[in-house]
Amino acid sequence: MPFLELKNVDYSYPSGDSDYIQALSDVSLNVEKGEFVALVGCNGSGKSTLARICNGLILPDRGDVLVDGLSTSDKRNLYEIRKKIGVVFQNPDNQMVTTIVEDDIAFGPENLGLPPSEIRERVDWALDCVGMKEYAKSGPLRLSGGQKQRVAIAGVLAIKPELMVLDEATGMLDPDGRREVLDVVTKLNRDENMAVIMITHFMEEAALADRIIIMNGGRKVADGGKELFAAPEVFTDAGLDLPIPVRVAGKLKARGMDVGCPLDIDGFVAAVAAKLGKEAGDA
């Protein structure tokens, strides 16, 4: 049984007195324990709505959402579901509730009614996971954007969810801040076997995932591994840019030099060097 399962989910937002905007249409998808999934799409594709659907922050108009077998449509399940799935949003300032970092991280476990000794252990563990232990007594306002987002992630981690959803969590960060957050997320997935759904419009981030789901107009239009990048039209048809190495490799292929589909700069350089070396040897 999948850890997270969406079955034929529809959702619409009210717009005006009697109109509605369809945000999700007949969306079905599964996420397994320990899986790293990138959910991508342009603005208005339904990504953020899906993030809120996952742990019952909003409920579908039609269809069902199951978390470890529990349906979000049953209100009695929501407390347990929100322990299993944590969501990190785009703006970390909107997720800070106290004036001290360690107090902010303790907020979630305190609301679970855990004993003080266990809360202390969880706060220390979460701070260590995101590399922010030295800032435990600091005020969040003194932190950089990347550091604030790491604190937001630690606050979710302290609940010890089995799946973390990051809704454009790097969207407001500079390149250094994005790198900090991505390093933490990939480490949690690898070392803690935490499932991750990373919602992003940065294709370089999507390339880090095991699996990529593409949304367009509220519908799931593609679902697969990194091999999706070898069929660039599924991204461009959804209004998405491809990673720069993929774009350049495509231009080279059009000119007669096939270097495959490298997803990062290092892979691209290695592929070009190997191709040039082979051609030199053949000559």
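Note that this is a predicted model, so its numbers are computed, not measured.
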Distance, nearest 0.5 Å, that separates [atom1] of [X] from [atom2] of [Y]:
X	Y	atom1	atom2	answer
Arg219	Gln22	CZ	CD	8.0 Å
Tyr79	Asn111	OH	CG	8.5 Å
Asp103	Glu110	CG	CD	7.5 Å

Is there a donor-acceptor contact under 3.5 Å from the side chain of [X] to the main chain of [Y]?
X	Y	value
Gln147	Arg142	no
Asn193	Asn189	no
Asn216	Val221	no
Glu5	Pro2	no
Arg150	Val184	no
Asp61	Ser12	yes

Salt-bridge contact [X]-[Y] (side-chain N to carboxylate O under 4.0 Å):
X	Y	result
Lys47	Glu168	yes
Arg120	Glu102	yes
Arg52	Asp167	yes
Arg178	Glu205	yes
Lys84	Asp68	yes
Asp241	Arg247	no
Lys187	Asp183	no

Residue pair Pro243 / Glu204: nearest heavy atoms and the distance that separates them: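 So the two residues come closest at CA-OE2, 3.7 Å.
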Quiz item: cation-pi between Arg211 and Phe36, 6.0 Å / 45°: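 No cation-pi geometry.
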Cation over ring, Lys133 on Trp125, under 6.0 Å and within 45°?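 Judged by the rule (NZ or CZ under 6.0 Å from the ring centre, within 45° of its axis), Lys133 is not positioned above Trp125.
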Scan side-chain atoms only and decide if Ser25 and Tyr11 contain a donor-acceptor pair under the 3.5 Å cut-off.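 Tyr11 and Ser25 do not have a side-chain donor-acceptor pair below 3.5 Å.
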Does a sphere of radius 6.0 Å around OH in Tyr20 hold more than 12 heavy atoms from other residues, nucleotides or ligands, not counting ones at 6.0 Å or beyond?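 Count not over threshold, so no.
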CD1 (Ile244) with more than 12 external heavy atoms under 6.0 Å: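 12 or below, so no.
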Val165 and Val88: CA distance, side-chain angles, deciding distance, side-chain contact (heavy atoms from CB on, under 4.5 Å) verdict: CA-CA 6 Å; Val165 181; Val88 180; over 6 Å; no
